[in-house]
Amino acid sequence: MWMSSFGLQSFVNLASAPLIEQAMRQEGKYPIRDHMELWKEHRDRQSLPYGLFIKQGEQWYHLRQALNQRLLKPAEAALYTDAFNEVIDDFITRLDQVQAESASRDLVPDMAHLFYHFALEAICYILFEKRIGCLEPSIPKDTSTFIRSVGLMFKNSVYLTFLPKWTRPLLPFWRRYLNSWDVIFSFGKKLINQKVKEVEAQLQAAGPDGVQVSGYLYFLLTKELLSHQEAISTFPELLLAGVDTTSNTLTWALYHLSKNPEIQEALHKEVVGVVPFGKVPQHKDFAHMPLLKAVIKETLRLYPVVPTNSRIMVEKETEIDGFIFPKNTQFVFCHYVVSRDPSVFSEPESFQPHRWLRKNGTNNHKFQHPFGSVPFGYGVRACLGRRIAELEMQLLLSRLIQQYEVVPASGMGEVKSMARIVLTPNKKVSLRFLQRQC
Ligand code: HEM
């Protein structure tokens, strides 16, 4: 535990599982992660209502209650299985096309790039029931502009966090940052307006009882859990949250499986034992795939996509290890450090999914500290998309491991992680996909 400061702000950093546990267990009814000043400035300028990441207090709570429905529980996430599988079919077609373009006809030169397109296509389909062409050989112009703007928004926000405000009119970052957000919101707004029109048309044609409630946005709008304006402010943020997170995790998982052929072989056996070649995995199958789940847990332990998280304790004083911190203290949780702490995980730098499996009838990971690896956060403000993210990653990884043997491209070497708001690989992850015989 140590203090640090940045400008006028000071932070209490916690880099131990028991200390993080003490802080998290004291969070109040309406936890605050961060005041999100930079995001707020854009919304205020455009007179947009705040979305889930920015809203605080009771307002956050009400929005979160509405959004939790049809997303938070595993059984609710399972409703999206067919939609994910439809996108996965197209991903595999795209994967084969990319391989065919390589000299060896089995190489994918940049896995993270391909998974990014998959994750965006998948989350758009889940949220809006709309396919946006990310997996087509030539991506539609507004989709590629959206993708570029997301990258620019994140990149420029890093500069803006460090530079003083007076530099904004002089340097290009502020203008680029605001423009990128505008593109992100107009992309989201277009999709939402289309959906609203569809809902209205159905209501007119069939009346409230005739409306088929299927996709997430459709469900929230027709059940009147979310207004049109709330959707416009919230859904673009959900899109952002659902892309880099799953795409980077999938990249790391395949990277380690390619480097550990015995683990990959064991996983292949597990998958085809439950879902033979030619069959498509379903939600219920994962109850019989403990190694698959352990691979994802181990990947997120080594690479928590959100490497540090935080809480501002506004409701009362917080006591950590006998120290009393006043109201409004901001605690930073150093998850990356903790999940590689040798006092919590033995041989922490190595990829060992088996550490999460039951051994001799005991649940091995029960001996590990419960706050050693919390990649989706904790409590009422934990990740909203956890269950769909898990389902999406399970469906895609199992299908890939069922059909291909994945090996590293020659000369790829070791890939390290790099913190760019989320944790990303420091260079391209190039993999070869060898088709397995059925
Ligand atoms: C590997 C996948 C993912 C990981 C590791 C991840 C991780 C996280 C973490 C650590 C937080 C902060 C939680 C806290 O403060 O306690 C968070 C928040 C959030 N995540 Fe995820 N996430 C993932 C995927 C997704 C997806 C697919 C969505 C899509 C809907 C999503 C939507 C959100 C939202 C909306 C929040 C903010 C919740 C709030 O403030 O109430 N996440 N996520």
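As the structure lists them, so they are numbered: ligands from 1, and atoms in each ligand from 1.
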Notebook entry, point to check: Can you tell me the protein heavy atom closest to atom 34 (C) of ligand 1 and the distance?
Noted result: F53 CZ, 3.6 Å

Notebook entry, point to check: Going by chain and residue number, what protein N/O/S atoms come nearer than 2.8 Å to atom 21 (Fe) of ligand 1?
Noted result: C383 SG

Notebook entry, point to check: Can a salt bridge be assigned to the pair R25 and E21 using a cut-off of 4.0 Å between side-chain N and carboxylate O?
Noted result: yes

Next item on the list: Provide the closest heavy-atom pair for V380 versus K29 in the form atom of the first, atom of the second, distance.
Entry: CG2-O, 3.8 Å

Check: For ligand 1, is there an N or O atom under 3.5 Å from any N or O atom of E392?
Finding: no

Next item on the list: Return the residue, atom name and 0.1 Å-rounded distance of the protein heavy atom closest to atom 1 (C) of ligand 1.
Entry: T249 OG1, 3.5 Å

Checklist line | Charged N-O contact under 4.0 Å between R311 and E27 | finding: yes

Notebook entry, point to check: What pairs with Q394 under side chain to side chain donor-acceptor pair (under 3.5 Å), at least two apart in sequence or on another chain?
Noted result: none

Notebook entry, point to check: Does R301 come within less than 4.0 Å of E298, counting only side-chain N to carboxylate O?
Noted result: yes

Item checked: Protein residue, atom and distance nearest to atom 7 (C) of ligand 1, heavy-atom basis -> P375 O, 3.4 Å

Item checked: Sequence-distant partners of A83, side chain to side chain contact (heavy atoms under 4.5 Å, CB included), two or more places apart -> Y125, I126

Checklist line | Atoms in ligand 1 with a heavy atom of W60 nearer than 4.0 Å | finding: 39 (C), 40 (O), 41 (O)

Check: Any non-hydrogen atom of M393 lying under 4.0 Å from ligand 1?
Finding: yes

Check: Which residue owns the protein heavy atom closest to atom 13 (C) of ligand 1, what's the atom, and how far is it?
Finding: R381 O, 3.5 Å

Side-chain polar contacts of residues 2-11 - donor-acceptor pairs under 3.5 angstrom, sequence neighbours left out - could you list them?
from	atom 1	to	atom 2	distance (Å)
S4	OG	N13	ND2	2.9

Item checked: R131/D90 salt bridge by N-O under 4.0 Å criterion -> yes

Margin query: Measuring from atom 16 (O) of ligand 1, which candidate in R33, R311, R64 has the nearest non-hydrogen atom?
Written below: R311

Next item on the list: In plain terms, say whether E315 and K327 are close enough for a salt bridge, that is, a side-chain N and a carboxylate O under 4.0 Å apart.
Entry: no

Check: Should the proximity of Y378 to ligand 1, defined as any heavy atom under 4.0 Å, be assigned to the side chain, the backbone, both, or neither?
Finding: backbone

Note to self: Taking 4.0 Å as the limit for heavy-atom contacts, which would you say applies to N309 with ligand 1: side chain only, backbone only, both, or neither?
What the structure shows: side chain

Check: Nearest protein heavy-atom contact for atom 35 (C) of ligand 1: which residue, which atom, what distance?
Finding: L238 CD2, 3.5 Å

Check: Under a 4.0 Å N-O cut-off, is there an ion pair linking D142 with K190?
Finding: yes

Next item on the list: Please lay out, stage by stage, how F371 and Y378 fare under the test ring pair (Phe, Tyr, Trp, His ring centres under 6.0 Å).
Entry: CA-CA 9 Å; F371 285 76; Y378 169 82; 5.2 Å; yes

